[in-house]
Amino acid sequence: MRLAILATVLLASLALAATALGHAKLLRTDPHEGRMLAHAPRAVVLTFSEEIDPALVRLQVRDHSGRRVDRGAPFHPGGRDEVVAVALTPRLEGALTAHYRVISGDGHPVARSFGFSVRPQPAAEAQPTPPGATTAPPTAATPMPGGHADTESGQVTGVAFAAARGLGYLAIALGIGGALFLFVAWLPGLAQVAGGQREWLDVSTTFARRLRQVLLGAVVLGMLASATSIVLEAATAAGVSFWAALDRDAVDSVSSTRPVEAWTLRIVVWLALGIVLAAALRPRRVPALRRTALGATGAAIGPAPSRVQMLVFGALAIGLALTAPLAGHTGEHDPRALLICTDTMHVLCMSAWLGGLVMLLIVLGLAARRLPGPDGTRLMAAVVGRFSMLARFAVLILLLTGIAQSIALVGSVSALRDTDYGLLVLAKILLLGLLIALGGFNQRWALPRLRLLAAGGGEPGSAATVLRRSVSLEVGFALVVIAVTSVLVATEPANPD
């Protein structure tokens with residue numbers, strides 16, 4: 001009950017905090033796009049829907065020959081934080097093009113341009129800009145001159161960024177899913193079928209050691225991926241390489257963006273989780289099969305984790321999952337609180353599924369090598385059966401939360417095929433369909449065969465081999481889903497509002 005209350009409070013507080021976070025939109029430009037001016041302006045001014053840090057803005061103006069005519073760095077005119085301007089050289093004439101590139105609080109860079117002209121005319125023929133007139137934000141994206149050709153600092157940086165995000169998701173899946181597998185599938189299954197022979201003790205000890213390696217490895221991987229993502233965000237914002245962004249000033253310039261704040265929070269949560277796991281998974285404290293007494297032939301599982309340990313782990317797991325929507329698109333769309341919650345559940349369920357599949361592969365390998373014969377069959381059937389129940393629940397919630405997010409972020413059926421975001425969502429749906437099909441095959445064919453063999457005292461044989469191959473394929477497809485997701489979160493949603 002206490003865990004449920006804590007989880008509810010944590011979800012609600014962070015979801016409500018995310019409602020204040022949005023995506024910066026360009027409201028108007030001065031001069032307006034396409035205007036013919038009688039006199040050269042002193043500056044180009046951009047007005048956004050939220051506060052913008054000038055350090056995160058690239059604003060350049062060029063004449064018809066491509067020569068830069070801006071001077072100095074972008075600044076806030078009149079102290080207005082949502083307005084950014086750059087000064088121009090005097091006595092300009094002809095066609096001028098302003099190129100801007102900005103990273104707002106959501107951490108996503110956008111590069112666009114707009115043009116205007118300056119041509120001296122008689123005062124009577126001048127076409128001044130009507131007072132109070134506004135113009136729609138420009139929609140055509142054009143390359144930034146001066147070596148920064150797009151919204152990324154380079155192809156290598158973009159690929160590295162996607163890889164860092166993907167590794168971050170993988171770490172979350174292994175950390176949360178591995179621990180859930182221990183309590184939901186492994187310990188109950190082991191207690192159901194284990195004997196007191198040395199082989200059972202050896203299997204339990206080996207699994208506990210592998211579990212410790214996976215969970216603590218996930219902590220290290222998660223912290224490194226998060227730290228790397230912060231540096232790559234700085235590199236993207238400044239339009240430089242990863243190595244050039246390894247600078248305190250560069251990182252400080254993006255410290256107030258939402259993704260960097262989320263990744264910083266994730267590092268703190270990983271550090272806390274690492275301390276908890278290191279203490280709970282010590283060789284003498286990790287739950288495993290142990291002799292009931294010195295010299296006795298019986299065995300029992302112990303020591304059981306305390307309620308405080310379970311409570312702390314549950315809170316940290318929810319905190320890890322919450323950092324995913326805080327660093328993604330769901331904090332920008334209404335109803336934000338609901339989408340934050342559904343995205344968090346989505347991450348938790350995907351972690352339970354993928355992390356559990358990885359641990360299941362370890363169990364299948366240990367059972368085949370350390371427990372040949374009927375004992376291995378009974379262990380496989382017991383553990384796979386319990387994980388199958390967890391997987392069915394996770395898949396159901398995964399589908400429901402995925403549908404809710406798709407409706408909010410895609411917006412229409414046509415956007416699925418007409419936008420990059422929609423095509424990535426379709427790819428993810430296809431991959432999840434393959435995953436569900438493989439899982440259904442295991443539940444309808446491999447698991448019943450194992451249970452029949454276990455009941456009859458038979459060896460696992462071809463049933464275990466087919467199951468291991470099918471689970472390996474599931475893990476492979478799940479990794480591709482993570483790769484698609486890491487690109488999806490950096491792509492502008494089809495439904496921008």
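Heavy atoms only: backbone and side chains are in, while hydrogens, waters and symmetry mates are out.
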>> Before you tell me yes or no, could you show the steps for Leu92 and Val61 under side-chain contact (heavy atoms from CB on, under 4.5 Å), namely the whole-Å CA-CA distance, both residues' side-chain angles and the distance that decides it to 0.1 Å?
In response: CA-CA 11 Å; Leu92 295 176; Val61 182; 5.7 Å; no
>> Let's go through Ser351 and Val347 carefully: what are the C-alpha distance in whole Å and the side-chain angles of both, what is the deciding distance for side-chain contact (heavy atoms from CB on, under 4.5 Å) to 0.1 Å, and is it a yes or a no?
In response: CA-CA 6 Å; Ser351 298; Val347 173; 4.1 Å; yes
> Stepwise, does the side-chain contact (heavy atoms from CB on, under 4.5 Å) test hold for Gln405 with Asp343?
Replying inline: CA-CA 7 Å; Gln405 293 177 63; Asp343 200 1; 3.2 Å; yes
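Counting heavy atoms from C-beta on, the side chains of Met359 and Ile362 come closer than 4.5 Å. A 4.5 Å side-chain heavy-atom check between Met310 and Phe183 finds at least one atom pair inside the cut-off. Using a 4.5 Å heavy-atom threshold, the side chains of Ile482 and Leu354 count as touching. The shortest distance between side-chain heavy atoms of Val308 and Val312 falls below 4.5 Å. A heavy-atom distance below 4.5 Å is found between the side chains of Arg71 and Pro90. Here the side chains of Met350 and Thr485 are not in contact, with every heavy-atom distance at 4.5 Å or above. You'll find the side chain of Phe116 reaches within 4.5 Å of the side chain of Val44, heavy atoms only. In this structure, Thr342 and Leu339 have side chains that are in contact, with non-hydrogen atoms separated by less than 4.5 Å.
One finds the OG atom of Ser113 at 5.5 Å from the NE2 atom of His99 (value rounded to the nearest 0.5 Å). Between the CG atom in Leu46 and the CZ atom in Phe114 there is a gap of 5.5 Å [rounded to 0.5 Å]. Going from atom CZ of Arg248 over to atom OG of Ser255 covers 10.5 Å, rounded to the nearest 0.5 Å. Distance check: Arg165 CZ to Leu488 CG gives 10.0 Å after rounding to the nearest 0.5 Å. Atoms CG and OG, from Leu170 and Ser486 in turn, are 11.0 Å apart once rounded to the nearest 0.5 Å. In this structure, Leu426 CG and Leu416 CG are separated by 4.5 Å, a value rounded to the nearest 0.5 Å.
Arg282 meets the salt bridge (charged side-chain N to carboxylate O under 4.0 Å, His left out) test with no other residue; sequence neighbours excluded. Remark: Leu246 engages Val231, Phe242, Trp243 in a side-chain contact (heavy atoms from CB on, under 4.5 Å) (not counting sequence neighbours). Every ring-ring contact (aromatic ring centres under 6.0 Å, His included) that Trp263 has, sequence neighbours left out, goes to Phe161. Not counting sequence neighbours, the partners of Phe387 by the ring-ring contact (aromatic ring centres under 6.0 Å, His included) test are Phe181. Scored by the ring-ring contact (aromatic ring centres under 6.0 Å, His included) test, Phe393 finds no partners at all (sequence neighbours excluded). For Arg80, the salt bridge (charged side-chain N to carboxylate O under 4.0 Å, His left out) criterion is met by Glu82, not counting sequence neighbours. With sequence neighbours excluded, the residues that form a salt bridge (charged side-chain N to carboxylate O under 4.0 Å, His left out) with Arg68 are Asp70. Arg266 pairs by the side chain to side chain donor-acceptor pair (under 3.5 Å) definition with Thr323, not counting sequence neighbours. The salt bridge (charged side-chain N to carboxylate O under 4.0 Å, His left out) check on Asp63 picks up Arg67, with sequence neighbours excluded.
Checking side-chain atoms of His76 against main-chain N and O of Val83 turns up a donor-acceptor pair under 3.5 Å.
Nearest heavy-atom pair, Met345 versus Ile397, reported as atom, atom and distance to 0.1 Å: CE-CG2, 4.0 Å. Across every non-hydrogen atom of Ile172 and Trp270, the tightest pair is N-CZ2, 3.7 Å. The nearest pair of heavy atoms linking Ala235 to Ser241 is CB-O, 3.6 Å. What you find for Cys349 and Leu398 is that their closest heavy atoms are CB-CD1, 4.2 Å. Nearest heavy-atom pair across Thr344 and Pro325 is OG1-CG, 3.6 Å. Ala317 and Ile176 make their closest contact through O-CD1, 3.6 Å (heavy atoms, listed as atom of the first residue, atom of the second, distance).
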Identify each donor-acceptor pair in which a side-chain atom of residues 211-221 lies under 3.5 Å from a protein atom, sequence neighbours left out, and give them as a table.
unit_1: Arg212; atom_1: NH1; unit_2: Leu281; atom_2: O; d: 2.7

Give the table of side-chain donor-acceptor pairs shorter than 3.5 Å for residues 431-441, with sequence neighbours excluded, one pair per line with atom names and distance.
none

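By the 6.0 Å contact criterion, CZ on Arg42 is open, its count of non-hydrogen atoms from other residues, nucleotides or ligands being 12 or less.
Contacts classified as salt bridge (charged side-chain N to carboxylate O under 4.0 Å, His left out) and involving residues 417-428 (residues at least two apart or in different chains) are not found.
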